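Owing to the predicted nature of the structure, the values given are computational and were not obtained by experimental measurement.
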Amino acid sequence: RMHAGLLLTTSDSASEPRRLLVEAKTLEQANFKSFEALVVRRERGVSAAVDFLRNPTSPDEWNVRFRLLLELGCPSQVLNEIAALPKDISERPQISWSHGISLLVLRKVEESLQVLSSALAKRPTSFELRKAAAQSRYCCGISTAFPSWAHLIWPVPPPWHFVKRDDRSREERAKAEKEFEGLASMASHNERPELRLWHLACLADEPDRQQEAEQLCQSMLREAPGCVPALVWSQERGFEVDRQPSIAALRERVDHHSANAEDIICL
């Protein structure tokens, strides 16, 4: 089962994880349904995996189902199903993460922060909950009228007229900035760039911290010249950065046919 899980995260194959799952079932009489849903996702897509987990019977199965529903873009369905769960399941930290993120996507910021803060009080060292709560705090300071408000893969820079600057918003943004900075310092190599982007967003949305934001943006682009989100923030906020290495990095992706639409638009 562990081998199959590693293969799901490191390769695009579904046949070998399926073979290993079948083998695991012969070795142990255990409930493999939540893991099998992830194999089904790889084989037939997210909708098929959600259908496979239509009737969850354990907290782990509910957790996987909710994350699949979020991937499918169904936060309202997540909230409806959580509301019908027994309290001992609905208030588990992993379920609370899905609950909080669903509320956040639906622009219910205060409710999201309340759910995530409550879960974090029970599990204060949870990396995932800390990150989600910090995202909620950041979003407290952005008008929900901003079209890209719920873009949680990375924070799209809002024009200044969408940035809230009342005391409460600035206080929550400052807390989020400290949290993202702390999480980035302990994150893995793959996770760190995303957390630094959220850190950058917190700084770049404060009028009196533009120099700090510019320095962080410059540092990020020195490490990864082709980082499209950092380039977008530099363009929106007018940061001075050396664009030639970025142009070269993006052109290289185009030349090697590895560029996506964002790379080409940015170039």
Side-chain angles (χ1 to χ4, degrees), residues 1-11 14 17-18 20-22 24-25 28-106 108-109 111-137 139 150 152-153 179 183 186-188 190-191 194-195:
R1 180 175 182 170
M2 185 178 292
H3 189 182
L6 289 169
L7 286 174
L8 279 178
T9 60
T10 58
S11 75
R18 171 61 73 178
L20 289 165
L21 176 60
V22 171
K25 287 181 176 181
E28 183 182 8
Q29 297 302 309
N31 184 353
F32 291 93
K33 193 172 181 181
S34 58
F35 180 75
E36 188 166 2
L38 300 178
V39 177
V40 171
R41 173 183 174 276
R42 177 61 56 82
E43 291 172 331
R44 293 184 277 128
V46 181
S47 294
V50 169
D51 191 55
F52 178 80
L53 271 181
R54 183 179 295 149
N55 298 304
T57 58
S58 70
D60 191 41
E61 290 175 19
W62 279 111
N63 176 49
V64 173
R65 175 174 170 81
F66 291 148
R67 290 174 190 244
L68 290 169
L69 283 170
L70 281 170
E71 187 175 351
L72 204 57
C74 303
S76 295
Q77 187 174 344
V78 172
L79 296 181
N80 290 337
E81 294 187 10
I82 286 177
L85 287 177
K87 194 172 181 180
D88 65 317
I89 295 179
S90 65
E91 292 187 354
R92 288 176 178 247
Q94 288 182 314
I95 304 296
S96 292
W97 180 89
S98 295
H99 190 180
I101 290 296
S102 296
L103 289 166
L104 189 58
V105 170
L106 293 171
K108 298 179 180 181
V109 195
E111 293 176 61
S112 171
L113 188 54
Q114 184 178 358
V115 167
L116 293 167
S117 296
S118 178
L120 202 53
K122 298 173 185 175
R123 188 171 291 182
T125 59
S126 169
F127 191 96
E128 185 175 58
L129 287 172
R130 287 175 63 187
K131 176 184 171 186
Q135 288 173 318
S136 284
R137 292 188 189 282
C139 289
L152 298 178
I153 299 171
E179 188 71 292
L183 291 172
M186 65 176 72
S188 68
N190 291 334
E191 293 175 311
E194 180 193 354
L195 291 161

Got a sec, which pairs hit ring-ring contact (aromatic ring centres under 6.0 Å, His included) with one end in residues 57-86, sequence neighbours left out?
W62-F66

Where L70 and S102 come nearest, the two heavy atoms and their spacing:
CD2-OG, 3.3 Å

Nearest heavy atoms of A133 and L120, plus distance in Å:
CB-CD2, 4.2 Å

Distance-minimising heavy-atom pair for S76 and L106:
OG-CD1, 3.7 Å

Taking all atoms of both residues into account, what is the closest heavy-atom pair of A49 and A37, and its distance?
CB-O, 3.3 Å

Rounded at 0.5 Å granularity, tell me how far CZ in R42 sits from CG in L38.
9.5 Å

With a sphere of 6.0 Å drawn around NZ of K33, does it hold more than 12 non-hydrogen atoms of other residues, nucleotides or ligands?
yes

Rounded to the nearest 0.5 Å, what separates atom CD1 in I82 from atom OG in S98?
6.0 Å

Please name the pair of heavy atoms, one in A24 and one in R1, separated by the smallest distance, quoted to 0.1 Å.
CB-N, 4.1 Å

How many angstroms lie between CG in L8 and CZ in F35, if you round to the nearest 0.5 Å?
4.5 Å

Assess whether side chain to side chain contact (heavy atoms under 4.5 Å, CB included) is satisfied between L195 and F127, documenting all intermediate values.
CA-CA 11 Å; L195 291 161; F127 191 96; 3.6 Å; yes

Counting only heavy atoms not in M186, do more than 12 sit closer than 6.0 Å to its CE atom?
yes

Test L69 against E81 for side chain to side chain contact (heavy atoms under 4.5 Å, CB included), laying out the working first.
CA-CA 11 Å; L69 283 170; E81 294 187 10; 4.0 Å; yes

Quick check for you: to the nearest 0.5 Å, what is the distance between D60 atom CG and I89 atom CD1?
11.5 Å

Backbone N/O of V109 and side chain of S136: donor-acceptor pair under 3.5 Å:
no

Contacts of R18 that satisfy salt bridge (Lys or Arg N to Asp or Glu O under 4.0 Å) - sequence neighbours left out
E36, E43

Reported CG-to-CZ distance for the pair L72 and R65, which is rounded to 0.5 angstrom
10.0 Å

State whether K131 and E191 are salt-bridged, where the test is any N-O pair (Lys NZ or Arg NE/NH1/NH2 against Asp/Glu carboxylate O) under 4.0 Å.
no

I'd like to know if the side chain of R130 reaches the main chain of E179, judged simply by a donor and an acceptor atom lying under 3.5 Å from each other, with no hydrogens or angles considered.
no

With a 4.5 Å limit on heavy-atom distance, are the side chains of K25 and L21 in contact?
yes

Counting only N and O atoms by type, is there a donor-acceptor contact under 3.5 Å from the side chain of R92 to the main-chain atoms of D88?
yes

Measuring from L53:CG to S34:OG, what's the distance to the nearest 0.5 Å?
7.0 Å

Test side chain to side chain contact (heavy atoms under 4.5 Å, CB included) on R123 and E128; report intermediate values, then the result.
CA-CA 10 Å; R123 188 171 291 182; E128 185 175 58; over 6 Å; no

Checking side chain to side chain contact (heavy atoms under 4.5 Å, CB included) for the pair R137/S117: CA distance, chi angles, key distance, verdict?
CA-CA 10 Å; R137 292 188 189 282; S117 296; 4.1 Å; yes

Could you pull out the closest heavy-atom pair between S96 and L116, with the gap in Å?
O-CD2, 3.9 Å

Should R41 and E71 be marked as a salt bridge (charged side-chain N to carboxylate O under 4.0 Å, His left out) after you check the CA-CA gap, both sets of side-chain angles, and the distance that decides it?
CA-CA 11 Å; R41 173 183 174 276; E71 187 175 351; 2.7 Å; yes

